[in-house]
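Report on the structure given below.
Heavy atoms only: backbone and side chains are in, while hydrogens, waters and symmetry mates are out.
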Amino acid sequence: MSDDDTKLTRPTGGCWMNPIFAKSLPSEAMCEKAREIYENADDCPIGAGLAGTMAEEGGMNIQNNVHWRRIRSLLDDPFIMKDPGQRMKRVYNIGIGIVAAVPFCFQEERGLVLYFSRSTADVDSLRHASNERCLLGSTDLIGANHVIRNARKESDERRENRHRKSLRTARKMFIKETKSLAAMVLNKEDIEELRKQRQREMEVSRGFAEKLGPRRLAARMSCAVHQFGKLIMKRIIISRRKWGGAKLNGPPRKSVIDCLFSGTGAFLTMLALLKMNQSLQVDGR
């Protein structure tokens with residue numbers, strides 16, 4: 001039931017059809033009609049259509065009441081307002097001929113549950129006291145489930161709104177407390193504090209560099225030699241790959257004099273670097 005008590009609305013998932021009934025239909029076209037009725041249901045005002053007529057005749061405020069009607073009699077009655085989608089007629093055409101309406105009122109939530117049966121069903125068995133008690137109990141369970149779903153939905157919406165409100169509040173506080181660059185430049189106290197902090201950092205860095213000067217220089221030289229060696233090996237590997245890709249051989253061999261000259265130069269250079277490294281380590285101690 002809507003909030004203004006003017007129409008009936010089927011909630012999401014508020015319909016169930018017995019799979020045995022769907023499989024017993026004689027043709028695929030009938031199955032398609034049953035599937036369409038199962039999936040789609042328009043809002044129905046009180047007094048119009050199948051659900052609205054059953055709600056008006058049976059009463060929405062009468063508890064523990066099962067109102068029975070034959071759909072054929074509803075179709076033949078000229079004083080009953082049919083719905084625009086002809087849902088009542090479409091339900092009758094797929095073999096459903098008897099309908100029972102049971103209202104419920106649970107924690108200020110009102111609604112109506114419709115139970116459909118075949119046209120060939122035994123009316124005496126349907127209207128037996130045990131079957132009607134089962135329908136009343138099922139309606140109470142459906143109404144309680146509907147109320148729980150609505151309460152859970154409202155709780156989720158309230159939690160989401162509270163989360164959004166918290167994010168907006170935190171954003172406003174962050175914007176309020178954060179100073180812009182222009183404000184910092186125009187504020188002489190902030191600029192002076194930044195300048196003093198920068199001077200303290202430079203003094204600490206200078207004192208640390210004076211204490212570890214020799215060791216730092218040796219570490220830098222060792223790192224430079226290591227990087228230079230890695231660069232040479234990388235160039236050699238790249239050159240070999242290039243020669244292999246072009247299916248060429250390496251460069252021609254050098255003469256013995258050139259090899260001796262290059263080897264002696266490399267040996268003296270490495271010897272000088274090692275000597276310099278040892279002297280720096282001794283001075284650092």
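Hydrophobic clustering of Ile, Leu, Val, Met, Phe, Trp and Tyr side chains at less than 4.5 Å, counting indirect connections, keeps Leu141 apart from Leu112. There is no path of hydrophobic side-chain contacts, each under 4.5 Å, that joins Met276 to Leu274.
Residue Ile257 places its CD1 atom among 12 or fewer non-hydrogen atoms of other residues, nucleotides or ligands, all under 6.0 Å distant.
Not counting sequence neighbours, the partners of Glu160 by the side chain to side chain donor-acceptor pair (under 3.5 Å) test are Arg164. Evaluation of the side chain to side chain contact (heavy atoms under 4.5 Å, CB included) rule for Cys105 yields Gln63, Arg110 as partners, not counting sequence neighbours. Contacts of Arg162 classified as side chain to side chain donor-acceptor pair (under 3.5 Å), with partners at least two apart in sequence or in another chain: none. With sequence neighbours left out, Arg87 forms a salt bridge (charged side-chain N to carboxylate O under 4.0 Å, His left out) with no residue at all. With sequence neighbours excluded, no residue satisfies salt bridge (charged side-chain N to carboxylate O under 4.0 Å, His left out) with Asp258. Residues that satisfy the side chain to side chain donor-acceptor pair (under 3.5 Å) test with Thr53, not counting sequence neighbours, are absent from this structure. Checked against salt bridge (charged side-chain N to carboxylate O under 4.0 Å, His left out), Arg158 has no partners two or more places apart in sequence or in another chain. Every residue was checked against the side chain to side chain donor-acceptor pair (under 3.5 Å) condition with Ser27, not counting sequence neighbours, and none meets it. Leu273 pairs by the side chain to side chain contact (heavy atoms under 4.5 Å, CB included) definition with Met221, Val225, Thr269, Met270, not counting sequence neighbours. In this view, Glu56 satisfies the salt bridge (charged side-chain N to carboxylate O under 4.0 Å, His left out) rule with no residue, not counting sequence neighbours.
Residue pairs meeting the salt bridge (charged side-chain N to carboxylate O under 4.0 Å, His left out) criterion with at least one partner in residues 116-130, sequence neighbours excluded, are absent. Within the structure, the salt bridge (charged side-chain N to carboxylate O under 4.0 Å, His left out) test picks out the following pairs touching residues 65-77 (sequence neighbours left out): Glu57-Arg69, Arg72-Asp76.
Taking CG of Asn65 as the start and OG1 of Thr139 as the end, the distance is 10.5 Å to the nearest 0.5 Å. Here the CZ-NE2 distance, from Arg168 to His163, works out to 10.5 Å after rounding to the nearest 0.5 Å. From Met88, atom CE reaches atom CD1 of Ile71 across 8.0 Å, with rounding to the nearest 0.5 Å.
A donor-acceptor pair under 3.5 Å is formed between the side chain of Ser279 and the backbone N or O of Lys275.
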Assess whether side chain to side chain contact (heavy atoms under 4.5 Å, CB included) is satisfied between Met54 and His67, documenting all intermediate values. CA-CA 8 Å; Met54 297 296 291; His67 179 64; 3.5 Å; yes

Under the criterion side chain to side chain contact (heavy atoms under 4.5 Å, CB included), I'd like the reasoning laid out for Phe116 against Ile94: C-alpha separation, chi angles, the key distance, then a yes or no. CA-CA 12 Å; Phe116 297 94; Ile94 64 174; over 6 Å; no

Decide yes or no on side chain to side chain contact (heavy atoms under 4.5 Å, CB included) for Ile148 and Arg152, but give the supporting numbers first. CA-CA 6 Å; Ile148 292 173; Arg152 184 175 298 174; 4.1 Å; yes

Verdict with supporting geometry, Tyr92 and Leu74, side chain to side chain contact (heavy atoms under 4.5 Å, CB included): CA-CA 10 Å; Tyr92 181 77; Leu74 296 174; over 6 Å; no

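The two atoms that bring Ile98 and Trp68 nearest to each other are CG2-CE3, 3.8 Å, heavy atoms only. Closest heavy-atom contact between Tyr115 and Leu135: OH-O, 3.3 Å. Across all their heavy atoms, Leu114 and Ala101 have their closest contact at CD2-CB, 3.6 Å. What you find for Ile96 and Ser117 is that their closest heavy atoms are CG2-O, 3.3 Å. Heavy-atom minimum distance, Ser125 versus Asn131: O-CB, 3.7 Å.
With respect to Asp156 and Arg159, a salt bridge is recorded, a charged nitrogen being found less than 4.0 Å from a carboxylate O.
Shown are Glu154, His146, Lys153; of these, the side chain to side chain donor-acceptor pair (under 3.5 Å) with Asn150 is made only by His146.
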